[in-house]
Protein chains: 2
Amino acid sequence: MVEAPRSTRQRRAVSALIADLDGFSSAQQIHARLVAEGETVGLSTVYRTLQALADSGEVDALRADDGETLYRNCSRGHHHHLVCRSCARTVEVEGPVVEQWADRIAAENDFTDVSHTLEIFGTCGSCRTGVGS
Amino acid sequence: MVEAPRSTRQRRAVSALIADLDGFSSAQQIHARLVAEGETVGLSTVYRTLQALADSGEVDALRADDGETLYRNCSRGHHHHLVCRSCARTVEVEGPVVEQWADRIAAENDFTDVSHTLEIFGTCGSCRTGVGS
DNA sequence: ATTCTTGCAAACTATTTGCAGAACA
DNA sequence: TGTTCTGCAAATAGTTTGCAAGAAT
């Protein structure tokens, strides 16, 4: 049997913060932000909490290219990100096409419990115009 | 100007080994295998070489869920992966639909120089059947 | 009261880097 | 010969874990 975790100040703080976040954040960023808000939480606890949340499916976890694990709220609908390489501006986009494609591909190969990660990178208009390197 | 790297015994050994590999291997696995074959190569050199190869586009690099970076030969064109969560079996898939969708989304938001990452995860047939939990 | 959780510090893993000597062009 | 490359060891970065003290039920 799976036990529901106890409700503690720390876990509530982490969950609350995550619920407010739009994009992805690393465990360290989340911890830093909590501390900045005046919460007293240990970094290990943040890691442990995020892992638990990810295991239970309440948050999505994904590895960034630099090796950090990023987490994001998973309550709102599934969507992806269009991120500017230069200024990191992020646009949330939905892709029914992609979802369906991914499901179909998985089915064709006899895979179940399908999930996927998708990020699009590019240079946004402002960065192209305004910022010469 | 980009300088072509020098041809050394170590780099040749790494390239040769990668060319022989079918799936993904970590830097450590590649190093271990080279040593096993009798090559004398330092681990750092393997890391540096793989990075260079990845930068120049000669190999694909991808982060595994456990944090290791995996490399594979990149002779064929752009494609994505369908990976089994349980046994890590990987199927290479192509997605013209996705490529087009990504380009269109980016264009709609005035982004240029578009690239994207996409991985699909699931549980493969064998793992579903064979492994009862 | 008992059991789960926290936080610190130390341990770990994968990867990167400084530097002196070796290898290439 | 003048760079570039290598290998070692030490340094990083992110994350995990042991354990004693603190909370939750």
Side-chain angles (χ1 to χ4, degrees), chain A residues 1-18 21 23-56 58-72 117, chain B residues 1-18 21 23-56 58-72 83 88 119:
Chain A
M1 274 292 108
V2 253
E3 313 288 341
R6 285 185 183 171
S7 170
T8 67
R9 173 175 51 77
Q10 294 89 330
R11 293 212 243 246
R12 261 176 271 124
V14 171
S15 296
L17 179 47
I18 289 237
L21 294 175
F24 283 96
S25 315
S26 70
Q28 316 238 16
Q29 290 174 325
I30 290 171
H31 174 249
R33 190 148 164 186
L34 287 173
V35 170
E37 288 178 359
E39 291 284 345
T40 54
V41 195
L43 179 55
S44 339
T45 301
V46 173
Y47 272 108
R48 282 187 278 230
T49 303
L50 288 172
Q51 267 186 344
L53 289 172
D55 284 347
S56 74
E58 291 179 64
V59 305
D60 264 0
L62 114 77
R63 286 270 171 187
D65 275 349
D66 74 333
E68 279 186 298
T69 301
L70 303 178
Y71 302 88
R72 74 160 169 204
T117 61
Chain B
M1 271 295 103
V2 255
E3 312 289 340
R6 283 185 183 171
S7 169
T8 67
R9 173 176 50 78
Q10 293 88 332
R11 288 202 235 232
R12 260 175 273 123
V14 171
S15 297
L17 179 47
I18 290 235
L21 293 175
F24 283 97
S25 315
S26 70
Q28 315 240 16
Q29 291 174 324
I30 291 171
H31 174 249
R33 189 148 163 184
L34 286 173
V35 170
E37 288 177 357
E39 291 284 344
T40 54
V41 195
L43 180 54
S44 339
T45 300
V46 173
Y47 272 109
R48 281 188 279 231
T49 303
L50 287 172
Q51 267 187 345
L53 289 172
D55 285 346
S56 74
E58 291 179 65
V59 304
D60 262 1
L62 114 75
R63 287 269 170 186
D65 275 349
D66 74 333
E68 279 186 298
T69 301
L70 303 178
Y71 302 88
R72 69 140 181 222
V83 187
E119 304 285 323

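A note on names: the letters A, B, ... follow the listed sequences, proteins ahead of strands, and every chain is numbered from 1.
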To the nearest Å, how far apart are A:Glu68 CD and D:dG14 C1'? 7 Å
Expressed as a whole number of angstroms, how long is the span from B:Asp66:CG to D:dT15:C1'? 12 Å
Please confirm whether the backbone N or O of A:Arg6 pairs with a side-chain atom of A:Arg11, one donor and one acceptor, at under 3.5 Å? yes
Nearest 0.5 angstrom please: A:Arg63 CZ to B:Glu119 CD, how far? 13.5 Å
Going by heavy atoms in the side chains, are B:Leu50 and B:Ile18 under 4.5 Å from each other? yes
At what angle, to 10 degrees, do the two end axes of the helix from C:dA1-D:dT25 to C:dA25-D:dT1 meet, given five pairs define each axis? 30°
Minimal heavy-atom distance between A:Ala27 and A:Val46, with the atoms involved, is O-CG1, 3.7 Å
When you measure from the side chain of A:Arg11, which nucleotide among C:dT6, C:dA14, D:dT15 comes out closest? C:dT6
Check residues 28-40 of chain B and write down every donor-acceptor pair under 3.5 Å in which the side-chain atom is one partner and the other belongs to a residue at least two apart or another chain.
residue: B:Gln28; atom: NE2; partner: B:Tyr47; partner atom: OH; Å: 3.1
residue: B:Gln29; atom: OE1; partner: B:Ser26; partner atom: N; Å: 2.8
residue: B:His31; atom: NE2; partner: B:Val41; partner atom: O; Å: 3.0
residue: B:Thr40; atom: OG1; partner: B:Arg9; partner atom: NH1; Å: 3.4

Short of 4.0 Å, heavy atom to strand atom, which residues of residues 29-43 of chain A count as contacting DNA chain C? A:Thr40, A:Val41, A:Gly42
By side chain to side chain contact (heavy atoms under 4.5 Å, CB included), which residues pair with A:Ala54, not counting sequence neighbours? A:Val59, A:Ala61, A:Tyr71
Once base and sugar-phosphate atoms are separated, protein heavy atoms under 4.0 Å mark nucleotides 17-25 of chain C, 5' to 3', with B, S and - as BB----BBS
Tell me every residue that passes side chain to side chain donor-acceptor pair (under 3.5 Å) with B:Ser7, counting only those two or more places apart in sequence or in another chain. B:Arg12
When we call it a touch if two heavy atoms are under 4.0 Å apart, what does B:Thr69 touch: a base, just sugar-phosphate, or nothing? sugar-phosphate
